[in-house]
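What follows is one structure encoded as structure tokens, with my remarks underneath.
When a residue number appears, it is its place in the shown sequence, counting from 1. Atoms within a ligand are numbered from 1 in the order they appear, just like the ligands themselves.
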Amino acid sequence: MSAERFAALWGSLSPIGQAGDGGGYVRLSWTDTDLMCREWFVEEALDRDLEVEIDRNGNMWAWWGEPEGEGAVVTGSHLDSVPHGGAYDGPLGVVSGLLAIDRLRERGVTPARPVAVVVFAEEEGARFGVPCLGSRLLTGAFDPAKALRLRDREGTRLADAIGRAGLDPDRLGPDPDRLARIGAFVELHVEQGRALDHLDAPVGLASAIWPHGRYRFDFTGQGNHAGTTRMADRHDPMLTLAWTVLAADEAARANGAHATVGRVDVAPNATNAIAARASAWLDARAADEDTLRKLVESIHQRAEERARHDGTQVAMAVESLTGEVAFGGAVSRLAAAALDAPVLPTGAGHDAGVLSSHVDTAMLFVRNPTGVSHAPEESASDADCATGVEKLTDLLARLCQ
Ligand code: HGY
Ligand code: MN
Ligand code: MN
């Protein structure tokens with residue numbers, strides 16, 4: 001696979017969803033942009049004589065061989081992005097999967113079992129708030145009734161968004177037969193860090209995914225006039241929120257963990273009014289589940305202490321929680337033996353992590369020289385991406401014969 005050949009297919013997807021002015025990509029699930037990405041995938045799959053289906057949860061599957069066959073070898077990732085995210089997070093795994101099918105055929109591989117490229121829905125959770133929603137629904141890790149009630153920031157329900165895309169909301173839910181037919185899943189993903197750059201390696205293998213969770217903090221105070229309310233008389237939820245953000249940063253550094261508040265919502269959000277309410281979403285991650293639990297507990301405790309000081313109230317709700325994933329099964333061991341690539345953990349969640357408790361799974365990473373992700377500066381060279389396709393093809397060839 002040449003860099004030019006990778007760039008050709010990559011270039012057919014990259015114009016879709018560009019925010020312009022260096023703003024990266026905005027590809028939110030079930031929006032018109034997402035539907036254009038889905039159309040791109042279907043076209044590329046049909047061009048390869050792959051049989052395309054969309055499952056009850058909106059995940060798309062492009063099959064080489066019998067979709068009902070046993071022991072399928074599946075690769076793929078997602079096409080949705082965070083707002084103003086990078087180009088590679090997700091799409092690199094989908095484009096590489098399609099090209100790996102091309103390379104398997106050119107190598108004369110005749111699969112003994114079905115091979116598929118999958119596009120999972122709402123992996124980022126950027127629109128409806130729950131990451132890996134498509135794979136969680138597939139595996140029964142998220143309640144479909146609860147999913148249908150999820151709303152985006154404009155108030156649109158997931159049920160209405162998928163209905164608009166032609167899906168039947170009543171069919172949302174676990175798909176055990178489909179899951180049982182998958183023998184192996186391999187997700188190729190851009191690295192979201194610079195370990196491979198430091199190691200001067202184009203491709204790496206995942207050893208583990210850190211446990212991580214999303215927690216919504218709701219702060220309630222007393223709205224009032226910014227000009228006439230004495231400082232001593234205030235019950236300002238923004239103070240409790242700000243304190244919580246700083247406490248999260250301090251607790252993460254003290255525990256070798258990661259804690260981020262990148263999203264807030266304030267009401268009434270007026271320059272000359274003391275906020276009545278404020279919400280902040282905490283993204284917390286740690287190398288093990290015990291550290292993660294202690295980290296979140298200490299942040300919650302600090303928030304409550306500050307709330308008492310401010311005369312405000314705070315409530316925390318867990319929006320999603322993902323346990324530790326260790327990629328140590330036969331597929332990962334085969335990948336380690338076959339690929340001669342460095343092995344590294346990641347703090348980023350992936351559909352491969354969700355599937356790994358049901359299917360033998362491996363993850364490949366492609367070097368990202370900036371190490372940046374979830375921002376426009378995310379990068380990967382065409383040459384490294386082409387190497388990633390070859391390594392993915394090597395692994396799929398072993399798995400499907
Ligand atoms: O947030 C994550 O870890 C992933 O990129 N969805
Ligand atoms: Mn991501
Ligand atoms: Mn991703």
Side-chain angles (χ1 to χ4, degrees), residues 13 17 24-29 34 37 41 59-60 75-97 117-137 141-142 185-193 195 204 206 208-216 252 257-263 281-287 292 318-325 327 344-356 361-368 370-380 385 388 392:
L13 172 64
Y25 283 82
V26 181
R27 293 169 170 163
L28 301 186
S29 304
D34 184 37
C37 290
F41 178 72
N59 306 308
M60 294 193 289
T75 188
S77 190
H78 60 95
L79 292 174
D80 65 306
S81 74
V82 298
H84 303 289
Y88 296 88
D89 176 351
L92 181 59
V94 176
V95 169
S96 301
V117 183
V118 67
V119 176
F120 284 110
E122 182 69 342
E123 189 278 343
E124 295 293 1
R127 185 174 176 195
F128 293 100
V130 174
C132 300
L133 185 59
S135 54
R136 287 179 201 261
L137 286 165
F142 197 82
F185 177 61
V186 181
E187 180 168 4
L188 181 146
H189 204 282
V190 67
E191 187 195 350
Q192 292 161 307
I209 294 179
W210 274 21
H212 55 283
R214 293 186 182 190
Y215 309 81
R216 172 179 165 146
H258 298 170
T260 314
V261 175
R263 177 187 171 195
W281 281 263
L282 171 69
D283 179 310
R285 314 200 186 198
L292 177 63
V318 182
E319 289 204 335
S320 70
L321 192 54
T322 307
E324 181 166 0
V325 170
F327 293 113
L344 49 142
T346 180
H350 299 282
D351 293 305
V354 175
L355 256 71
S356 68
T361 301
M363 274 202 85
L364 305 184
F365 293 127
V366 171
R367 174 167 45 195
N368 171 351
T370 65
V372 171
S373 187
H374 286 187
E377 294 78 11
E378 185 179 73
S379 73
C385 294
L392 177 62

*Under 4.0 Å from a heavy atom of Ala348: give me the atoms of ligand 1 that qualify, with their elements.*
3 (O)
*Taking all atoms of both residues into account, what is the closest heavy-atom pair of Gly97 and Thr75, and its distance?*
CA-CG2, 3.8 Å
*Judged by non-hydrogen atoms, does His374 sit under 4.0 Å from ligand 1?*
yes
*asked:* Side chain or backbone, does Glu124 bring an N or O within less than 3.5 Å of an N or O on ligand 1?
replied: yes
*Examine all N, O or S atoms of His189, backbone included, and report whether one is under 2.8 Å from the Mn ion (ligand 3).*
yes
*Looking only at heavy atoms, which two atoms of Val190 and Phe365 are closest? And how far apart?*
O-CD2, 4.3 Å
_Any side-chain to backbone donor/acceptor pair from Glu377 onto Val372? Under 3.5 Å, distance only._
no
*Kindly say whether Tyr88 contributes a backbone atom to a donor-acceptor pair with the side chain of Glu378 at under 3.5 angstrom?*
yes
*Rounded to the nearest 0.5 Å, how far apart are CZ of Arg27 and CG of Asp89?*
10.5 Å
*Looking at ligand 1, does Arg285 have a heavy atom less than 4.0 Å from it?*
yes
*Purely on distance, is any nitrogen or oxygen of Gly349 under 3.5 Å from one on ligand 1?*
yes
*the Mn ion (ligand 2) - name of the N/O/S atom of Glu124 that sits closest to it*: OE2
*Can you tell me if Ser96 uses its side chain to pair, donor with acceptor, with the backbone of Gly93 under 3.5 Å?*
no
*N, O or S from Asp89 under 2.8 Å to the Mn ion (ligand 2)*: yes
*Residue His374, metal the Mn ion (ligand 2), N/O/S under 2.8 Å*: yes
*Tell me, please, if Asp351 has any N/O/S atom, main chain or side chain, under 2.8 Å from the Mn ion (ligand 3)?*
no
*asked:* If you apply the rule side-chain contact (heavy atoms from CB on, under 4.5 Å), what do you find for Gln192 with His350, and how did you get there?
replied: CA-CA 11 Å; Gln192 292 161 307; His350 299 282; 3.4 Å; yes
_Regarding ligand 1, does Glu123 bring an N or O atom to under 3.5 Å of one of the ligand's N or O atoms?_
yes
*Answer yes or no: is there a donor N or O on one side and an acceptor on the other, between the side chain of Asn59 and the main chain of Ala121, under 3.5 Å?*
yes
